[in-house]
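Some notes on the structure that comes next.
Labels below follow one simple rule: chain letters A, B, ... track the order of the sequence lines, proteins then strands, and each chain is numbered from 1.
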Number of protein chains: 2
Amino acid sequence: MSKLPRPTISDVAKAAKTGKTSVSRYLNGEQNLLSEDLRLRIEHAIAALDYRPSLMAQGLKRGRTRLIGLIIADITNPYSVNVLSGIEAACREKGFTPLVCNTNNELDREQHYLDLLRSYQVEGIVVNAVGMREEALNRLQQSALPMVLIDRKIPDFACDVVGLDNTQAATTATEHLIQQGFEALLFLSEPLGTVNTRRERLSAFRATLARYPGVVAESAETVLHEAAQIDNTLRQFHARHRGMRKAVISANGALTLQVARSLKRIGLHWGSDIGLLGFDELEWAELAGVGITTLKQPTWQIGYAAVEQVVRRIDGSDNTVREQLFSGELIVRGSTSL
Amino acid sequence: MSKLPRPTISDVAKAAKTGKTSVSRYLNGEQNLLSEDLRLRIEHAIAALDYRPSLMAQGLKRGRTRLIGLIIADITNPYSVNVLSGIEAACREKGFTPLVCNTNNELDREQHYLDLLRSYQVEGIVVNAVGMREEALNRLQQSALPMVLIDRKIPDFACDVVGLDNTQAATTATEHLIQQGFEALLFLSEPLGTVNTRRERLSAFRATLARYPGVVAESAETVLHEAAQIDNTLRQFHARHRGMRKAVISANGALTLQVARSLKRIGLHWGSDIGLLGFDELEWAELAGVGITTLKQPTWQIGYAAVEQVVRRIDGSDNTVREQLFSGELIVRGSTSL
DNA sequence: CTGTTAGCGCGTTCAT
DNA sequence: ATGAACGCGCTAACAG
């Protein structure tokens with residue numbers, strides 16, 4: 001039960017009565033250059049010793065590792081894990097292996113993981129910025145590695161991005177509410193800062209409503225975990241428009257959860273007292289009261305496309321900065337039909 | 001914009017006009033053995049070159065990597081990501097780095113990742129078996145690495161486990177329902193197979209009810225995504241006990257979601273028509289109708305304890321097989337108060 | 001206090 | 001068709 005050292009390529013060579021070169025050749029697909037006899041001996045030796053080449057040594061030798069680093073700010077976010085599926089699928093197809101790092105939105109951990117990934121010679125990184133704090137995202141420019149961002153851009157920094165077509169999505173959402181006959185709309189978001197996704201969604205919301213002068217357009221920012229702030233915002237919005245049909249658009253899934261909790265606290269029912277529409281699909285959307293209308297992102301495709309792009313860069317087959325946008329899909333439920 | 005090679009320790013040594021040994025010493029905390037002058041030169045050179053030691057080379061040289069592999073069957077499961085937080089916190093404290101691998105419940109991917117982790121010389125692995133298929137779990141015995149299981153055991157294989165005290169939890173849940181005056185209870189689970197957690201929960205359920213002869217005890221197995229099957233099971237259970245107060249216990253969070261959907265489909269309201277209690281806390285539990293009573297697992301602590309245990313093994317400071325069980329906490333909501 | 005040297009496991013010339 | 005020898009970047013003796 002003592003932990004014996006892993007067998008090395010030399011052990012295999014010895015067991016197969018040959019040199020390491022031949023074993024190395026065997027491993028790298030140059031099997032046709034080997035005699036039938038030798039090949040079998042090697043095959044046998046490998047199986048007998050349960051030998052696996054050390055990726056450490058391999059990576060050290062040749063420069064490439066076929067590793068792609070993943071930086072995720074908040075793995076608790078359902079959006080992120082869904083994107084992850086697409087990422088993994090693509091990695092697999094392209095012959096890469098993803099290294100998942102969850103920074104938990106802490107700056108020092110991001111730095112730590114970034115160093116780690118570089119130390120492991122990852123050939124590129126995919127940054128899932130959903131839920132990521134601005135500062136964390138901004139610091140990312142440093143890494144001179146092939147990098148592609150998911151969801152959000154770094155201001156003033158040309159970099160590949162793949163994410164939602166925010167304008168299309170917000171327009172679709174807003175028009176749906178108008179069609180449903182809502183007369184006052186509140187766009188609720190986390191602090192806009194320089195976060196392009198939030199700003200774009202809000203802009204499209206405003207642009208759309210500019211075409212419908214009869215409808216009241218409001219917007220507000222709130223911190224995610226300030227329950228009281230959300231309560232007040234919603235309560236006041238509701239009070240300000242007594243007698244009108246009003247609805248709230250929540251700018252992302254995490255916020256939608258908080259909004260729903262808030263409405264419950266202050267005793268407002270979505271679908272009857274107030275309309276509710278949230279960005280990002282939620283597995284429980286149909287179960288919450290009369291159901292919550294959502295704008296679903298094609299998360300899997302987004303993840304897949306991100307890897308495709310980073311691989312293009314790694315291969316050097318494309319050097320133009322790309323911005324790849326996917327359309328959202330409105331899923332109508334009870335919360336938007338008064 | 002050509003990708004220049006990363007600076008090596010030799011580059012640093014050259015820039016600091018010294019040998020690599022001193023640089024190596026500088027990096028490994030033996031700074032007190034260096035002259036003030038030299039130390040500053042090295043420090044300067046490192047900063048100037050933005051040098052990071054190659055973990056590949058380091059790992060190759062000394063046998064240890066301070067890496068812990070994580071195998072997760074289904075990262076989509078909220079339980080898993082919550083456990084992940086505890087794991088990462090513990091890793092950080094102990095000076096390890098977690099390598100997260102999501103197998104998506106596919107056998108070949110598990111094999112792939114297992115090989116990968118071993119190739120990277122991870123010093124131990126933590127297997128989050130929540131949602132893992134039995135076959136996948138069973139194959140895990142092979143790896144002769146320090147390993148600790150989360151949530152579920154491998155039948156007939158002595159291995160560290162950390163998870164829920166299923167007996168305590170199921171007993172608590174069952175007694176709660178009895179106290180609430182329910183007269184017929186259905187324990188609903190995914191196929192029991194040899195999965196100890198499911199069997200233990202069911203056993204405790206039965207054992208508890210054995211002490212209350214007046215209460216009807218039933219149990220059923222169902223496949224997670226067979227909607228029709230769940231519908232039938234619930235409908236028949238409801239029909240079978242007309243006029244009685246009845247409740248369903250769902251054996252895990254993923255199933256609770258399906259049960260709630262099913263009840264909605266067949267038009268039964270939890271809290272009024274039927275009671276509902278689910279293992280695993282859900283972020284949306286309070287929002288679904290009158291709220292769903294859950295049995296919350298201390299996920300963070302479970303993850304943390306798992307790493308503690310694997311580290312103990314790595315350090316060789318403990319060789320006894322441990323089974324560490326944590327108590328669940330009942331969170332009462334509307335679904336269990338008729 | 002500091003530098004020289006010998007491998008860690010592997011891929012890769014370069015000879016045979 | 002096969003093997004010997006060198007070096008990837010680093011640490012750990014071992015000198016000095």
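Here the closest heavy-atom approach between residue B:Pro146 and residue B:Val310 is recorded as O-CG2, 3.8 Å. Of all heavy-atom pairs spanning A:Leu49 and A:Ala15, the tightest one is CD1-CB, 4.3 Å.
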### Task
Take A:Arg118 and B:Asp50 through the salt bridge (charged side-chain N to carboxylate O under 4.0 Å, His left out) test and state the conclusion after the steps.
CA-CA 12 Å; A:Arg118 299 210 304 154; B:Asp50 188 33; 3.3 Å; yes
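Bending across the helix from C:dC1-D:dG16 to C:dT16-D:dA1, expressed as the angle between its end axes from five pairs apiece, amounts to 40° (10° rounding).
When DNA chain C is scanned 5' to 3' for any atom under 4.0 Å from a heavy atom of chain B, the first and last hits are C:dC1 to C:dG9. Think of the region where chain A sits on DNA chain D: with heavy atoms and a 4.0 Å cut, that region ends 5' and 3' at D:dA1 to D:dG9.
Residue A:Tyr51 is in sugar-phosphate contact alone, with no base atom involved, counting any heavy-atom pair closer than 4.0 Å across all strands shown. Residue contacts for A:Thr8: at a heavy-atom cut-off of 4.0 Å it reaches the sugar-phosphate backbone alone, with no base atom in range.
Using modelled atom types, no side-chain atom of B:Asp318 and backbone atom of B:Arg312 make a donor-acceptor pair closer than 3.5 Å. The backbone N or O of B:Pro53 sits less than 3.5 Å from a side-chain atom of A:Ser119, completing a donor-acceptor pair. Judged by distance alone, the side chain of A:Arg139 and the main-chain N or O of A:Leu107 form a donor-acceptor pair under 3.5 Å. A donor-acceptor contact shorter than 3.5 Å is absent between the side chain of A:Asp151 and the backbone of A:Gly163.
Side chain to side chain, A:Asn102 and B:Glu88 meet the donor-acceptor criterion of an N or O pair below 3.5 Å.
Listed by residue number, the members of residues 11-23 of chain A with any heavy atom below 4.0 angstrom from DNA chain C are A:Lys20, A:Thr21.
Within a 6.0 Å radius of CG in A:Asp156, other residues, nucleotides and ligands contribute 12 heavy atoms or fewer.
B:Ser80 places a side-chain heavy atom less than 4.5 Å from the side chain of B:Ile72.
Contact check on B:Asp108 versus A:Arg92 returns a salt bridge, with a Lys/Arg side-chain nitrogen under 4.0 Å from an Asp/Glu carboxylate oxygen.
By the side chain to side chain contact (heavy atoms under 4.5 Å, CB included) test, A:Ala73 pairs with A:Thr103, A:Asn105, A:Met132, sequence neighbours left out. Listed by chain and number, the residues in a side chain to side chain donor-acceptor pair (under 3.5 Å) with A:Glu134 are A:Thr194 (sequence neighbours excluded).
For the pair B:Ser35 and A:Lys61, both in contact range of DNA chain C, the more 5′-proximal nearest nucleotide belongs to B:Ser35. Both A:Arg25 and B:Arg25 lie close to DNA chain D; mapped to their nearest nucleotides by heavy-atom distance, the more 5′-ward contact belongs to A:Arg25.
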